[in-house]
Amino acid sequence: DAVISGIAFNALMAGAVSSAAAAISGSAGIWRLEAGADGSGVMAFLGLGLGFYAGTWFLLARTRAGLRLRAAGSSELALAAAGADPEASRALAFALSGAGCGLAGACMALGLGAFSPGMSAGRGWLALASVYAGRKRPGLCLLAVAVFSLSDFLAIQAQAWRILPHELTASIAPLAALAAMPIASPR
């Protein structure tokens, strides 16, 4: 089951990143980043991220490998019957998703000017919600990401302005994701 696997993998990676940070730096705390302090690093990674999005869309929509990737997600048996290796397709999908997550994490760390284990604070689940809210269509997924990102930004601003309690502002983005599900679900 993809949800159970996702929960297990997130828990594993949270521990692995904290352990790796402690082993590399001697501390599991915050690492200050000097690169991109002027905002150029964030813009560079944002540009890379948009290019990655466009390249992934092109791969999935216009190439034989993309057709295999889509088939691996919907009918692994049909893919194997056509003579393609489902495991290779799954490995490519895993590598692409990892690369996208790495770009997002680098952009986030540069934007904050620091890296700290656990800094994404559950935003991976918003990415998963974006896929389902976007009905697994690239343009709609991008729109869902923009809406959830805006709700996350507003939650952070509301915390800074101290107009709402922390417990409420921390739930704004997940509540936006929950609200989007009935709207996005096929009728």
Side-chain angles (χ1 to χ4, degrees), residues 2-63 65-66 68-70 72-73 87-134 136-153 155-156 173-174 177:
V3 173
I4 300 300
S5 301
I7 292 170
F9 193 72
N10 274 335
L12 174 69
M13 287 297 103
V17 168
S18 294
S19 297
I24 292 169
S25 71
S27 164
I30 296 172
W31 297 354
R32 298 272 175 226
L33 302 174
E34 300 301 324
D38 61 351
S40 61
V42 173
M43 294 311 292
F45 273 95
L46 183 60
L48 282 172
L50 291 173
F52 182 79
Y53 168 81
T56 303
W57 172 84
F58 182 81
L59 172 80
L60 291 173
R62 305 283 183 217
T63 67
R68 287 187 182 137
L69 278 175
R70 288 180 290 146
E87 290 300 320
S89 295
R90 198 172 292 120
L92 177 59
F94 190 72
L96 286 172
S97 66
C101 291
L103 280 171
C107 188
M108 177 181 257
L110 285 172
L112 294 173
F115 169 80
S116 174
M119 63 189 274
S120 63
R123 287 177 181 93
W125 295 111
L126 290 179
L128 184 61
S130 297
V131 170
Y132 287 105
K136 299 181 182 179
R137 297 189 164 195
L140 292 175
C141 289
L142 186 63
L143 178 63
V145 166
V147 168
F148 296 154
S149 296
L150 178 63
S151 67
D152 194 40
F153 170 78
I156 291 168

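- One finds the OG1 atom of Thr56 at 9.5 Å from the CG atom of Leu69 (value rounded to the nearest 0.5 Å).
- No donor-acceptor pair under 3.5 Å is formed between the side chain of Ser116 and the backbone N or O of Met119.
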Could you go step by step and tell me if Phe148 and Val145 meet the side-chain contact (heavy atoms from CB on, under 4.5 Å) rule? CA-CA 5 Å; Phe148 296 154; Val145 166; 6.0 Å; no

Take Leu142 and Trp57 through the test side-chain contact (heavy atoms from CB on, under 4.5 Å) and record every step on the way to the result. CA-CA 11 Å; Leu142 186 63; Trp57 172 84; over 6 Å; no

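- To the nearest 0.5 Å, atom CE of residue Met43 and atom SG of residue Cys107 are 8.5 Å apart.
- Closest of all the heavy-atom pairs between Pro138 and Tyr53 is O-OH, 2.8 Å.
- Between Ser130 atom OG and Leu143 atom CG the span is 9.5 Å, to the nearest 0.5 Å.
- Across all non-hydrogen atoms, the minimal contact from Leu59 to Ala65 is CD1-CB, 4.1 Å.
- When all heavy atoms are compared, the tightest approach of Ala133 to Ala144 is CB-CB, 4.1 Å.
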